[in-house]
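Comments concern the structure below.
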Amino acid sequence: MSDPVLRVEEVGLSFGAVAALSQVSFEVGTGELFALIGPNGAGKTTLFNLLSCIYAPTAGTISYLGRDMADYRPHHLAGLGIARTFQNLALFPALSVLENVLVGRTHLMRSGAIRAGLSLPSARREEKANRQAAFEALEFAGLSDVAHRPVATLPYGLRKRVELARVVTMEPKLLLLDEPVAGMSRTERSEITALVRAVHERFAPTVVLVEHDMSVVMSLAERILVLDFGRTIAIGPPQEIQANPEVIRAYLGEPDPEEVEA
Amino acid sequence: MSSFPRSALAGLGRHPARLSTVLVVIIGILLPFWVDAYWLSTLVFVLVAALGALGLDVLTGRTGQISLGHAFFLMVGAYTGGYLGVNLHESALFWIPAAGIVAGLLGAVAATTAMRLRGLYLGIVTIGLVYIGQWVATNWTTVSGGSGGRTLAVPGNGTFSFANGLHLGSLSITENGLYYYTAFVLLALGMMYVHNLGHSRVGRNMAAVRDRELAAAVLGVNVARTKTTAFIVSSIMAGVAGAMYGSFLSFVTPGQFDLLLSIQYVIIVVVGGLGALWGPLLGAFFVVGLPALLQNEAASLPFLEGGTRTTGIPVTDATDLLYGVLLIVFLLVEPRGIVGLAHRIGSLVRRRRATPKELGVVPSLTQEG
Amino acid sequence: MKTFALQLFSGLSIGAVYALIALGFTVIFRASRIINFAQGELLALGALLTSSLISAHGLPFWLAFLIGAALTAAAGFAFQTLVLRFAVGKPDFTIVMLTLGLATVLAAALDAGFGAYPRSNGDPWGSSVVHVFGLALLWVQVWTIVTAVVLLVAFRLFNKHTKYGLAMRSTAADTEAAVAVGIPLRRVHGSAWVLAGLVACVGGVFLGGFPNTVSPSISDVTFFAFPAIILGGIDSTTGAVVGGFIIGVVQQLTAGYQPTYAAFLGQDFYIAAPYIVMIIVLLVRPYGLFGSRPAERL
């Protein structure tokens with residue numbers, strides 16, 4: 001693959017004697033929608049946390065746009081163009097929906113305590129422009145009606161959408177989605193799946209998706225990596241993965257034929 | 001540049017100046033003419049404490065950094081103001097802001113501890129600030145006058161001095177009144193600033209750091225800078241408040257700036273309402289004003305020691321007891337403090353006022369069933 | 001040399017008290033992950049109760065001590081059951097503030113109830129000394145160290161070998177898992193506060209021994225125990241004890257030698273010294289000598 005956005009080479013992570021991940025390798029090309037799947041405890045979240053620089057791998061390297069990510073910490077991500085959602089939702093309860101999304105734009109803004117506190121014209125202009133951008137992201141996610149509501153008053157499904165709006169407004173090159181449909185009803189799942197597809201089509205970021213729900217993964221992903229016990233057991237396009245006996249053996253919830261398809 | 005007043009007002013005008021704020025300001029301006037010297041002086045203490053508490057609220061209420069070191073920054077402000085005003089004969093227009101700036105610089109240094117430490121560890125290190133500060137103050141006698149204490153200057157310039165009051169034609173403002181208006185203006189400026197901050201990028205970052213620090217970092221919030229900003233803003237306000245406090249008292253000793261003072265400020269922000277703009281002022285009224293009220297009425301309250309009665313509970317103990325109980329009650333029942341309570345009452349009132357039809361209780365005659 | 005040995009011994013004695021105070025903090029912290037800011041007031045309560053049982057009611061020291069300890073333990077238990085229990089699930093900041101509220105209430109109640117004047121702790125040793133290796137050691141300090149060591153050993157045995165001890169350690173490690181396994185959380189929390197109260201009373205009574213006195217302000221001493229727990233690591237009982245002894249010795253030696261050998265550090269340095277030591281340690285090891293980094297959930 002020429003100039004992959006993400007290159008993971010022989011990556012391993014051990015906590016003491018326990019190897020959460022070992023010898024995982026894959027590449028993700030520009031604009032690709034790549035999925036990580038596997039049974040519970042397979043190491044998907046661990047790998048995700050490695051990609052978010054929360055841990056450093058104990059073996060192997062992860063490179064983003066050619067640079068070794070071991071040099072980076074979580075607070076570098078936004079500036080590098082990497083945005084992620086959180087499985088357990090990282091929304092800030094004291095803030096409104098719009099303000100939560102605006103937090104994502106903080107690395108694109110420069111007003112500090114002096115300019116903002118004194119309400120100088122430059123700060124007000126910047127605030128206005130960024131509010132507009134955040135609002136557009138909300139509109140894209142179908143949340144413009146609830147923009148000013150405290151985010152804690154929203155139902156779970158809408159809150160997941162706020163997280164999506166937030167990563168959209170961060171204008172990322174690499175989008176990391178952590179179980180975007182976890183805990184959702186069937187309708188919510190298809191809505192979110194459609195939204196993720198829309199994001200991918202409209203803004204063309206590279207997407208790495210961790211997900212349990214097989215039908216969602218099958219309908220969205222261009223290539224899939226299957227993990228089990230911290231190791232790769234298969235990697236390839238959806239049709240290959242579906243037919244792979246190893247994968248079927250490790251885990252396969254048959255996608256419900258009644259599920260809404262792409 | 002005259003853009004600050006205009007833009008500050010515009011900042012306030014983004015959320016159209018509500019009638020209540022204007023009313024409060026008007027009452028605030030007229031108060032000194034309605035109360036006696038005792039109450040006026042109490043109000044000065046209330047406003048100065050509110051300014052200090054406003055700073056602590058930015059640090060603790062809005063940014064979630066536990067600090068029991070506020071007394072240290074108040075002390076730095078008081079001694080800076082004192083030294084510059086008395087020893088170096090500087091004008092109050094200089095030593096008041098200078099007190100803030102010096103405290104702010106030390107706040108930036110203290111912020112470095114918050115980078116590596118969280119929660120309880122941070123809280124205990126801030127306790128250390130108080131003890132170390134008191135030790136420095138006891139020994140750096142040129143600035144502090146040692147454990148015996150030092151005097152602070154009364155603002156003034158040549159023949160004009162706060163001590164003489166101000167006479168404009170038939171209008172007469174006492175010394176207490178002048179202190180009151182100074183504190184009033186400083187608090188108003190502080191509150192406008194914090195209001196603007198709260199609705200800005202910085203305010204959102206502070207809330208993010210307070211609520212989910214690691215996620216905030218992943219989203220691009222510069223956590224270190226946010227915490228440092230919070231410490232600096234907080235200690236600047238504490239410094240100014242400390243200088244005003246010292247000047248009004250005209251004399252300070254290291255022993256005054258102890259851990260109990262820090263705790264008193266924490267109680268003010270919690271009881272007032274963490275993260276709420278009016279919280280610090282309401283909390284200050286309560287925590288600083290109430291003992292003054294009880295002291296005044298001690299003779300008529302049978303269980304208090306006061307007036308001619310030597311038996312009964314000393315007023316300070318009674319108020320401390322009350323605070324402790326209130327703190328506990330508020331924390332369990334209304335964690336958003338007095339402001340939260342006011343909101344609750346407000347929404348209750350609004351709901352009562354709505355007609356039954358609006359609430360959908362009485363079905364409309366045009367509907368079925 | 002003799003002076004040094006005496007200073008050291010004094011340091012160990014005060015260190016023993018700090019170790020007990022630190023133990024009180026750690027027990028509650030391990031059970032519920034909160035710092036009990038009222039620990040100092042519990043100490044004062046125990047000391048004042050014991051002292052007044054002796055002077056006002058003429059009880060023998062041991063009996064007064066036992067009753068005082070029981071009452072202080074009951075006070076701790078009462079606070080946990082009547083107040084803290086309703087704060088389960090609230091953020092740590094709120095719960096810490098609740099203990100601060102208790103501290104404020106207790107401080108005011110003790111001041112109003114007992115009066116702010118110094119009194120004797122009523123121990124039977126007074127200023128008597130025992131001669132060991134040519135040194136005149138205060139009996140009360142000997143007993144302080146002995147009692148503290150016995151209590152610490154007893155606690156260690158309790159922790160390791162009884163069901164309750166195991167329950168407490170499990171709760172400290174993972175509250176959710178502990179509940180899932182059926183550990184009675186309320187009882188664990190309750191016992192933690194009972195232990196904290198007992199240990200506070202013991203610390204308070206011994207702290208009030210010669211040449212000190214007992215008064216409501218005796219609670220201030222806990223603020224010197226804070227560096228001890230931080231130094232040792234907030235969640236380690238070994239750390240608390242080690243930290244306590246270190247701080248006690250450092251403080252005593254500083255008070256004894258600093259005015260002569262490091263006069264430039266000025267007056268009252270022994271008050272700042274424990275915190276300066278603590279800050280230096282934290283710069284190198286942000287979780288103390290024995291403490292561990294808390295897990296952060298994303």
Side-chain angles (χ1 to χ4, degrees), chain B residues 60 64 66 68 113 115-121 123-125 127-136 138-141 146-147 210 212-215 218 254 258-260 263-264 266-267 270 274 305 312-314 316-333 335, chain C residues 29 33-35 37-38 79 83-84 86-87 90-113 115-116 220 223-224 226-227 229-230 234 264-276 278-279 282-283 286-288 291 294 296-298:
Chain B
T60 301
I66 297 181
L68 285 164
T113 57
M115 299 316 144
R116 293 188 86 187
L117 303 172
R118 302 284 167 76
L120 302 167
Y121 285 88
I124 293 177
V125 167
I127 294 178
L129 264 182
V130 174
Y131 283 108
I132 294 173
Q134 285 185 302
W135 164 63
V136 170
T138 311
N139 291 288
W140 194 2
T141 43
S147 49
R210 177 192 62 201
R212 302 273 304 251
E213 188 176 312
L214 186 55
V218 172
D258 59 1
L259 192 57
L260 272 109
I263 292 175
Q264 189 178 51
V266 176
I267 295 182
V270 174
L274 285 167
E305 173 193 294
I313 311 171
T316 38
D317 288 341
T319 41
D320 284 351
L321 202 73
L322 187 62
Y323 295 145
V325 171
L326 278 172
L327 187 62
I328 293 173
V329 169
F330 264 114
L331 286 167
L332 288 178
V333 173
Chain C
F29 185 81
R33 299 216 82 80
I34 61 169
I35 280 274
F37 272 101
F79 183 66
V83 177
L84 284 187
F86 299 107
K90 300 227 188 218
D92 287 345
F93 176 76
T94 308
I95 303 184
V96 166
M97 286 302 299
L98 282 170
T99 63
L100 212 55
L102 173 67
T104 315
V105 167
L106 268 179
L110 290 176
D111 197 68
D220 290 347
F223 294 116
F224 299 121
F226 277 128
I229 45 172
I230 296 295
I234 237 174
F264 66 90
L265 289 171
Q267 209 184 321
D268 291 351
F269 180 65
Y270 70 94
I271 294 178
Y275 279 94
I276 293 176
M278 176 190 81
I279 289 175
L282 281 179
L283 287 175
Y287 297 99
E296 249 178 302
R297 226 39 80 88
L298 196 61

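Both backbone and side-chain heavy atoms feed into the values below; hydrogens, waters and symmetry mates do not. In the text below, chain A, chain B and the rest are named by the order of the sequence lines, each starting its count at 1. From a predicted model like this one, the values you see are computed outputs, not experimental measurements.
Residue Leu259(B) touches chain C through its side chain alone, counting heavy-atom pairs closer than 4.5 Å. Only the side chain of Ser147(B) comes within contact range of chain C, with at least one heavy atom under 4.5 Å from a heavy atom of that chain. When heavy atoms are compared at a cutoff of 4.5 Å, Asn139(B) approaches chain C solely by way of its side chain, counted from C-beta outward. Only the side chain of Phe79(C) has a heavy atom closer than 4.5 Å to any heavy atom of chain B. Of the atoms belonging to Ile124(B), heavy atoms from both backbone and side chain fall under 4.5 Å from chain C. Of the two parts of Leu265(C), the backbone and the side chain both hold a non-hydrogen atom closer than 4.5 Å to a non-hydrogen atom of chain B. For Val270(B), the part lying near chain C is the side chain, with the backbone staying farther off; criterion is any non-hydrogen pair under 4.5 Å. Residue contact with chain B, scored on non-hydrogen atoms closer than 4.5 Å, involves the backbone and the side chain of Ile35(C) alike. Using a 4.5 Å cut-off between heavy atoms, Thr60(B) contacts chain C through its side chain alone, with no backbone atom that close. Neither the backbone nor the side chain of Leu322(B) comes within less than 4.5 Å of any heavy atom of chain C. Using a 4.5 Å cut-off between heavy atoms, Met97(C) touches chain B through backbone and side chain atoms alike.
The minimum heavy-atom distance between Ala108(C) and Asp317(B), with the atom names listed, is CB-O, 3.3 Å. The minimum heavy-atom distance linking Leu282(C) with Val125(B) is given by the pair CD1-CG2, 3.4 Å.
Using a 4.5 Å heavy-atom cutoff, the side chains of Ile279(C) and Ile132(B) are in contact. Side chains of Leu68(B) and Phe37(C) form a contact here, defined as non-hydrogen atoms less than 4.5 Å apart. Between Ile276(C) and Trp135(B) there is a side-chain heavy-atom pair separated by less than 4.5 Å.
The aromatic rings of Tyr275(C) and Tyr131(B) lie parallel to each other, with less than 30° between the two planes, well short of the 60° mark.
Per-residue counts of heavy-atom pairs under 4.5 Å with chain B were compared for Ile230(C), Ile95(C), Leu102(C), Leu110(C); the largest is that of Ile230(C). Options Leu98(C), Asp268(C), Thr99(C) differ in how many heavy-atom pairs under 4.5 Å they form with chain B, and the most are formed by Leu98(C).
Within a 6.0 Å radius of CZ in Phe223(C), other residues, nucleotides and ligands contribute more than 12 heavy atoms.
Annotation: the span from Leu260(B) atom CG to Thr104(C) atom OG1 amounts to 8.0 Å, rounded to 0.5 Å.
Screening Ile328(B), Leu331(B), Val329(B) for a side-chain contact (heavy atoms from CB on, under 4.5 Å) involving Val83(C) leaves a single residue, Ile328(B).
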